Protein chains: 2
Amino acid sequence: MAVSTTRRRGPGRPPKAEAGDTKGALVGVALKLFALHGYAGTSIRAIAREVGLSESVLYAHFDSKRAIYDETMKLVGPQVAVTALDAADPSADPADFIRMFADRVLAAWDTPQARQAISLITRDGLVHETAHTEGTERAIRHLAEVFARWIEEGRMRDDLGSAEDLAYALLSPIAHARLLWLHGGATEERRRAARDRVIRHADLFARTVTVGA
Amino acid sequence: MAVSTTRRRGPGRPPKAEAGDTKGALVGVALKLFALHGYAGTSIRAIAREVGLSESVLYAHFDSKRAIYDETMKLVGPQVAVTALDAADPSADPADFIRMFADRVLAAWDTPQARQAISLITRDGLVHETAHTEGTERAIRHLAEVFARWIEEGRMRDDLGSAEDLAYALLSPIAHARLLWLHGGATEERRRAARDRVIRHADLFARTVTVGA
DNA sequence: ATTATCTATAGATCTATAGATAATGC
DNA sequence: ATTATCTATAGATCTATAGATAATGC
């Protein structure tokens, strides 16, 4: 009765109407499968099958399995998330800045692609590659510079700890929530709980360490 | 000239003098290789070769590759780390308790096996399995109960946030430092920096939220 | 001529099993 | 007889390549 609507493709270049962004589709599917099963747990066969093409088509677009992996890292590597930090206004009221900063970071990290990135990162030991740890350190130092200015200006308490320790106290619970709960397989409910937790944390931190309002 | 000192083993049961804890050795090496390359990235061939035995010997001790993986999880699963939390004395001075608690947790998480566990966990997406996330949640709730008592007794500030939010503010930077820096491949220098950071954080937290001394 | 796909297959590896062999312990 | 190992191999799967085929765009 029911005949599959997906046209069986034969040999030869497909007509223009059917042609799509094969390379982009391959990268997207590869990211999804690497995130689900890890690099070694994903065969190029599985990638091609999911896209609906023959497995050898992959070698028309990439030199090797590794090359397609590298391509996914370009898309979702840590450099993507760092940009969110630079978008905030350090001249704003400290407490408000902190709350807005947390909001922004959450928005950047709770997109479908950012969550697939977390799944990939936590499936291939990439948490421990310098790209990820250095990225985290850089974000902490970056935030610490802002805090150091505030401390100098008397807008942040100076009796609790160094600017860097304070930056760690704010950022690391956010990064931790991301690693644990903002991943590809997380339910919407679980993700909302994580976002709420981060927002409460940022608020607690803002009220504790800033001066006046 | 130089002849290998490792006796080439032939067929047949080895003499008693040479017999060791083969099963234990297989599990230990499997944990190491899974931590290095992930489950799918580790062949039973590689495990057997590292132990110095034929690959088929693995099937004399385990039913399948999956069975040896399950065995490593019994050894280094999250239940191992949770025990450290129950060893502290909640009747101690809050600030001291917090510092000692951080010390204990660090000691439990900076052992070679605990670090291999982290590498394994971050190489197979186990961060997102309930065993790990639930274990983290349980530890937070457990600590929150202690904090709730302190708040009732007036030994901890009640104007900052709920006991659970405070528990998250203390614990999650510690758990985050563990995930990022207390892994199998971390240098001693990197690990010390992580431990120092955690100790400074616990101290900052203790001075900020506890009352009197 | 170039591009995008296919089929077919080489050659490497992987998990798992069958059956032999030699030491152990009853 | 049991235990702990070996060699040899079956059968599945994986990466990668060769060569055919058909639409496209000059």
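Just so it is clear, the structure is predicted and the values come from calculations on it, not from any experiment. The chains referred to below are lettered A, B, ... by the order of the sequence lines, with proteins before strands, and numbering in each begins at 1. Heavy-atom basis, side chains included; hydrogens, waters and symmetry copies ignored.
What you find for A144(B) and A167(B) is that their closest heavy atoms are N-CB, 3.8 Å. Scanning both residues, Y39(B) and K65(B), for their nearest heavy atoms gives O-NZ, 3.0 Å. Of all non-hydrogen atoms in A177(B) and V198(B), the two that sit nearest each other are CB-CG2, 3.5 Å. The two atoms that bring A102(B) and I174(B) nearest to each other are CB-CD1, 4.4 Å, heavy atoms only. Looking at every heavy atom in both residues, H132(B) comes nearest to V127(B) through ND1-O, 3.3 Å.
Atom CG of L58(A) is separated from atom C1' of dA4(C) by 13 Å (rounded to the nearest Å).
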Just by protein heavy atoms under 4.0 Å, how would nucleotides 10-16 of chain C read 5' to 3' in B, S and -?
----BBB

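Partner of W109(A) under the side chain to side chain contact (heavy atoms under 4.5 Å, CB included) criterion, chosen from L182(A), L179(A), I118(A): L182(A).
Taking the charged nitrogens against the carboxylate oxygens, D203(A) and R200(A) have no contact shorter than 4.0 Å, which rules out a salt bridge. A salt bridge links E71(A) and K74(A); the closest N-O separation between the charged side-chain nitrogens and carboxylate oxygens is under 4.0 Å. A salt bridge links R197(A) with E137(B); the closest basic N to acidic carboxylate O contact falls under 4.0 Å.
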Output the pairing pattern of DNA chain C as a dot-bracket string, 5' first, Watson-Crick or G-U wobble with both distances under 3.5 Å, | for cross-strand pairs, [ ] for crossing pairs.
||||||||||||||||||||||||..

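Within a heavy-atom distance below 4.0 Å of DNA chain D, no residue of residues 26-33 of chain B is found.
Dashed line: the shortest gap from a side-chain N or O of H61(A) to OP1 or OP2 of dT3(C) is not under 4.0 Å.
Note that R123(A) lies outside the cation-pi zone of F34(A), set by a 6.0 Å cut-off to the ring centre and a 45° limit from the axis.
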